[in-house]
Colleague: 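Dumping the structure here so I can ask a few things about it.
None of the values given here were measured: they were computed from a predicted structure. Numbering of residues begins at 1 and proceeds along the displayed sequence.
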Amino acid sequence: QTALDGYMTSMEFSSTGDFLAFASSSGTVSLWTDKDDPEVPQVNAYERDSITVDLLPEIIQVSDDAPLSSVGMPYYTEQLLSATWPGDLFFDITCPPQRIPKEVLAQVKMSDFVGYAKNPGIGFRRNQSSKSILLQMQNQANLEGEMPKFRSEQERESLIGKGGKKGIAAFGNSPILESSGSFGIIPKPYRRVQIKYSKFGIEDFDFAFFNKSAATRSGLETHIKNSYTNSLLQLLFYTQPLRRIAAAHISTMCVKLQSVCMLCELGFLFRMLEEAKGANCQAGNFLHAFGKVVQAGALGLFEQDLHTAAVPTTGGASSIVPQQDVVAMIQGFHRFILETLSGEGGAGVPGFIKDVNETDGGGVTLVQQAMGLRWRNVSRCNGCGVEEDKDTVTFNDNILNVPSFPTLLNATLQKEASSKAWCIHCNKFNNLFQSKCLHDLPNLIAINLKMVLHEAVIGDPAMETWIPHRFVLTALSVFDILFIMDEQDCTRDHRGKGAPSFSFTWYAVTLRTPSHPYLIFPVDSESEWLLFNDFSVQPIASNDVSRFETWKSPSILQYTRVDLETRVDYTTLTTAGTLEHLLIHNPLSNSRRDLLINYTPLTDAELPIKPGFVVAIDAEFVALQKAQTEIRSDGSRSTILPSKMGLARVSVLRGYDGPMAGVPFIDDYIEVQDDIVDYLTEYSGISAGNLDPSTSIHPLVTLKVAYQKLRYLVDCGCVFVGHGLKKDFRTINIIIPPEQIIDTVDIYFIKERQRKLSLRFLAWSVLRQEIQQDTHDSIEDARTALLLYKRYLELSRQGIFQQVLEDVYEEGKQFNFKPPTSGGFS
């Protein structure tokens, strides 16, 4: 046993074998030998590494079960055949990792054998090779001008003197515009656009970067289910008669107040697009209601039908269901929505269409009056010669392959067929001749094209006028419609018989890609052709409108009479506001004797609401769908799809001075029929059962009723006071004119401090009140925002508001911008 002054750390012997050395933890070395005479042991003064003989390679027995990794790689002295392969077949798979920057190494601290350092914020990403980083920088440089920075980045850079330049965003190297795939080079305006998300959510995305329209036209967002309908919704919006019919419909009490009404939802969406003035909109409420229509699902119009699905088969295998054609879906939605709107719009109005002798609306609906094709169907038996006629109304017609546009239009407006059928007059089967012609010249002509363009049309500059921008129709007789391609060829005789000009107003174009078929469309607005590609709105040249390629083919055409506005009398539409009834008598979804009513309806003395009427508002939300995120190779998180929130409660308070100041006149809980993944009780005050009509003791209304109340207040010119209203209104899916919003989060904000203050802290610091002690309450929050606004007016009159605001920020730094738990009022 060796006596050491610590524990042994190492041991070594000399090459001669005479000495043995032991090292201890105290740093001493003990030298031992078994020789009695100290002169006898020898030390090799010229020591060197021992020379060993290489071992013979192991012979590997290769069998069916032997792994391939057990076979060594050979060494070649001649050039391999792969050396002559093209470069695109080579891939580097052993790129060295990026060197750790010296700024990181300078701060490394060791814990045992692990080193760690604080991120110095120099943009260094782990687990990335130098080559991949170089590639990323090149890709970002190529995307200069195509990808906007997040709005938060622009604001931050503007404060530090960089001007908030739009350009490359900080989110990875994924392009905002999808590549063209196997269809060659697709122009940038036609490529698919996608939304990128930062940690601040979708509100941080710069939609204005993609809107190049000088006329401030608004686009529609794409992150919502069934958003493939965005282009058709834009089409309907720019159809003026339908827009006016929808506006008149939402200004009155709908008979389907407690159920889904697509015309109401479309009217609400149209009002958003009108008030947005170039800002992006979302068709969330409309598409949510559309997703509840059973008939639409039966027709295969829901977006999940677009994706390929694996269906189990016998034997445990699975078969792939073929992808549904987007052209069929968009044309099916076109037919479905017009037929649905026709049923919801009510009966026709006499005098709505001028120069048409109708005493009762012509026996058609209001939407059919404005947009329908009125047909006269004649059936004649070749045996007995008896003719029968019947009038019908449709909105569009399906056309298969045709060689030219005149042929297409003639096939649309005049149809003839002969078939063998039973004749009730002959009491036997006979050949029946059937003809279908227009009863009168329509206001609009919509055509669904199910065709593949002839090769002569594609890529031929001479065929760019295949779809004319204007043509003339004249009725030579009841069943004889004359089509004139060139308006100047129309003679005076034709004009005298009524030959209206039809102008090319819009058409839908289907872009086909292997991964995602989608639809865009241009609209002729104020002598400018605009291309609406979801939230991207850009002007295009007129010669691009009717130019087609293999990736671009027309799917829907619409022509509008040039004199349409002079033919329609919009004063015949009922627009008298009767929505005050909603504010007095609340149409509840649940009827209980023990309902907790926390609001006092408006009185007759407070009605009608006048412009400038100040109200305080706050809303609470629940989560209907959690956000979908992915973790990248460098450890960063990326949001694929944001969380979906649903309105759960909205409270509106009186904002004027007087005994009723701060008293709510709306406090609606929303009946939610969707699955709720998180009630967010800590922040919303909503718990399980509060939104269920069978269990809730709170007054429940449908989302449509609550929305229509807010829509009415906006149209009356009310001024809304609240805290953080921008996000609330976005989730509610309503746009309020900026002059009608007073947001205390912006009032009590110093831009240079780069921090916005919470309502709870402002209440503690400015009002010396404690709120949100246990949970959030929308009435309490709305009343606090109203008091903060009144306090702002008072301090502004005294001229000391800016100084008070500076003191609030200083106090916030002291308490980390959170109210102390003990109150701490001075």
Side-chain angles (χ1 to χ4, degrees), residues 232-252 254-256 261-271 273-274 286 331 333-376 391-397 412-413 438-448 473 475 498 500-508 521 523-525 556-576:
L232 255 297
L233 296 178
Q234 292 276 16
L235 302 181
L236 300 178
F237 173 70
Y238 285 103
T239 304
Q240 187 67 19
L242 182 60
R243 192 199 307 189
R244 299 292 290 269
I245 291 174
H249 183 77
I250 63 174
S251 67
T252 59
C254 180
V255 295
K256 301 173 66 175
C261 176
M262 300 306 298
L263 186 55
C264 282
E265 300 297 342
L266 195 65
F268 297 147
L269 176 62
F270 287 174
R271 290 290 290 123
L273 291 171
E274 289 174 352
F286 175 87
Q331 292 178 352
F333 175 76
H334 189 207
R335 291 189 298 270
F336 166 80
I337 193 62
L338 290 179
E339 293 290 349
T340 303
L341 297 178
S342 177
E344 296 171 343
V349 177
F352 180 58
I353 303 297
K354 300 177 183 178
D355 303 328
V356 177
N357 186 17
E358 296 175 342
T359 58
D360 59 349
V364 296
T365 66
L366 184 60
V367 177
Q368 288 175 340
Q369 273 186 296
M371 304 180 61
L373 296 172
R374 305 181 65 175
W375 302 95
R376 173 161 295 174
D391 292 341
T392 59
V393 180
T394 62
F395 293 101
N396 45 46
D397 198 15
T412 302
L413 303 181
L438 287 177
H439 186 275
D440 51 26
L441 295 179
N443 297 318
L444 302 100
I445 300 176
I447 307 172
N448 290 341
L473 286 182
S501 297
F502 284 80
S503 176
F504 186 35
T505 53
W506 53 257
Y507 78 100
F521 90 105
V523 59
D524 191 6
S525 174
I556 299 175
L557 303 178
Q558 176 168 302
Y559 285 86
T560 303
R561 287 184 64 143
V562 176
D563 60 345
L564 176 61
E565 291 302 309
T566 61
R567 284 174 48 85
V568 181
D569 185 5
Y570 296 115
T571 60
T572 59
L573 298 176
T574 303
T575 57

Colleague: May I have the step-by-step check of side chain to side chain contact (heavy atoms under 4.5 Å, CB included) for Leu366 and Leu573, ending in yes or no?
Modeller: CA-CA 9 Å; Leu366 184 60; Leu573 298 176; 3.7 Å; yes
Colleague: To check you understand the geometry: which heavy-atom pair defines the closest contact between Met262 and Leu341, and what is its length?
Modeller: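 Closest approach of Met262 to Leu341, heavy atoms only: C-CD2, 3.9 Å.
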Colleague: Looking only at heavy atoms, which two atoms of Trp375 and Thr394 are closest? And how far apart?
Modeller: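 Shortest heavy-atom separation between Trp375 and Thr394 comes out as NE1-OG1, 2.6 Å.
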Colleague: When rounded to the nearest 0.5 angstrom, what is the spacing between CD in Glu344 and CD in Glu339?
Modeller: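 The CD atom of Glu339 is 12.0 Å from CD of Glu344, to the nearest 0.5 Å.
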Colleague: Cys264 and Ile250: which non-hydrogen atoms are nearest, and at how many Å?
Modeller: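 So the two residues come closest at O-CG2, 3.6 Å.
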Colleague: Please name the pair of heavy atoms, one in Gln369 and one in Asn443, separated by the smallest distance, quoted to 0.1 Å.
Modeller: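 That closest heavy-atom pairing would be O-ND2, 3.3 Å.
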Colleague: Roughly how far apart are Met371 CE and Thr365 OG1, rounded to 0.5 Å?
Modeller: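 Here the rounded value is 10.5 Å.
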Colleague: Using side-chain heavy atoms (C-beta onward) and a distance below 4.5 Å, is Asn448 in contact with Arg335?
Modeller: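 Side chain of Asn448 against side chain of Arg335, heavy atoms only: contact under 4.5 Å found.
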Colleague: Any cation-pi pair here, Arg243 with Phe237, using under 6.0 Å and within 45°?
Modeller: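 Yes, Arg243 and Phe237 form such a contact.
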Colleague: Compare every heavy atom of Phe395 with every heavy atom of Ser342, then report the nearest pair and how far apart it is.
Modeller: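 Shortest heavy-atom contact: CB-CZ, 3.6 Å.
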Colleague: Rounded to the nearest 0.5 Å, what separates atom CG in Leu373 from atom CG in Asn396?
Modeller: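 Rounded to the nearest 0.5 Å, the CG-CG separation comes to 8.0 Å.
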Colleague: Between Leu273 and Leu233, does the side chain to side chain contact (heavy atoms under 4.5 Å, CB included) criterion hold? Intermediate values first, please.
Modeller: CA-CA 10 Å; Leu273 291 171; Leu233 296 178; over 6 Å; no
Colleague: For the residue pair Phe270 and Arg244, establish whether any side-chain heavy-atom pair is separated by less than 4.5 Å.
Modeller: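 A side-chain contact under 4.5 Å is absent here.
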Colleague: Might you point out which heavy atoms bring Ala246 and Gly267 nearest each other, and give the distance in Å?
Modeller: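 In this case the closest contact between Ala246 and Gly267 is CB-CA, 3.7 Å.
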Colleague: When rounded to the nearest 0.5 angstrom, what is the spacing between CZ in Arg271 and CG in Leu266?
Modeller: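 With rounding to 0.5 Å, CZ (Arg271) is 13.5 Å from CG (Leu266).
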Colleague: Below 4.5 Å, heavy atoms only, C-beta onward: do Leu564 and Gln240 meet side chain to side chain?
Modeller: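 Counting from C-beta outward, Leu564 and Gln240 never come under 4.5 Å.
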Colleague: Say you draw a straight line from CD of Gln331 to CD1 of Ile447; how long is it, rounded to the nearest 0.5 Å?
Modeller: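 Taking CD in Gln331 and CD1 in Ile447, the distance rounds to 11.5 Å.
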Colleague: In the structure I gave you, are the side-chain heavy atoms of Arg374 and Asp391 within less than 4.5 Å of one another anywhere?
Modeller: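 No, side chains not in contact.
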Colleague: Are any of the side-chain heavy atoms of Gln558 and Leu235 separated by less than 4.5 Å?
Modeller: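 In short, these two side chains do not touch, never coming nearer than 4.5 Å.
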Colleague: Let's go through Phe286 and Ile337 carefully: what are the C-alpha distance in whole Å and the side-chain angles of both, what is the deciding distance for side chain to side chain contact (heavy atoms under 4.5 Å, CB included) to 0.1 Å, and is it a yes or a no?
Modeller: CA-CA 12 Å; Phe286 175 87; Ile337 193 62; 3.9 Å; yes
Colleague: Per the side chain to side chain contact (heavy atoms under 4.5 Å, CB included) rule, which among Ile245, Leu444, Leu338 passes with Thr239?
Modeller: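 Going through Ile245, Leu444, Leu338 one by one, the side chain to side chain contact (heavy atoms under 4.5 Å, CB included) with Thr239 is satisfied by Leu444 alone.
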Colleague: Determine whether Ile353 and Val568 satisfy the following criterion, side chain to side chain contact (heavy atoms under 4.5 Å, CB included), listing intermediate values before the conclusion.
Modeller: CA-CA 5 Å; Ile353 303 297; Val568 181; 3.9 Å; yes
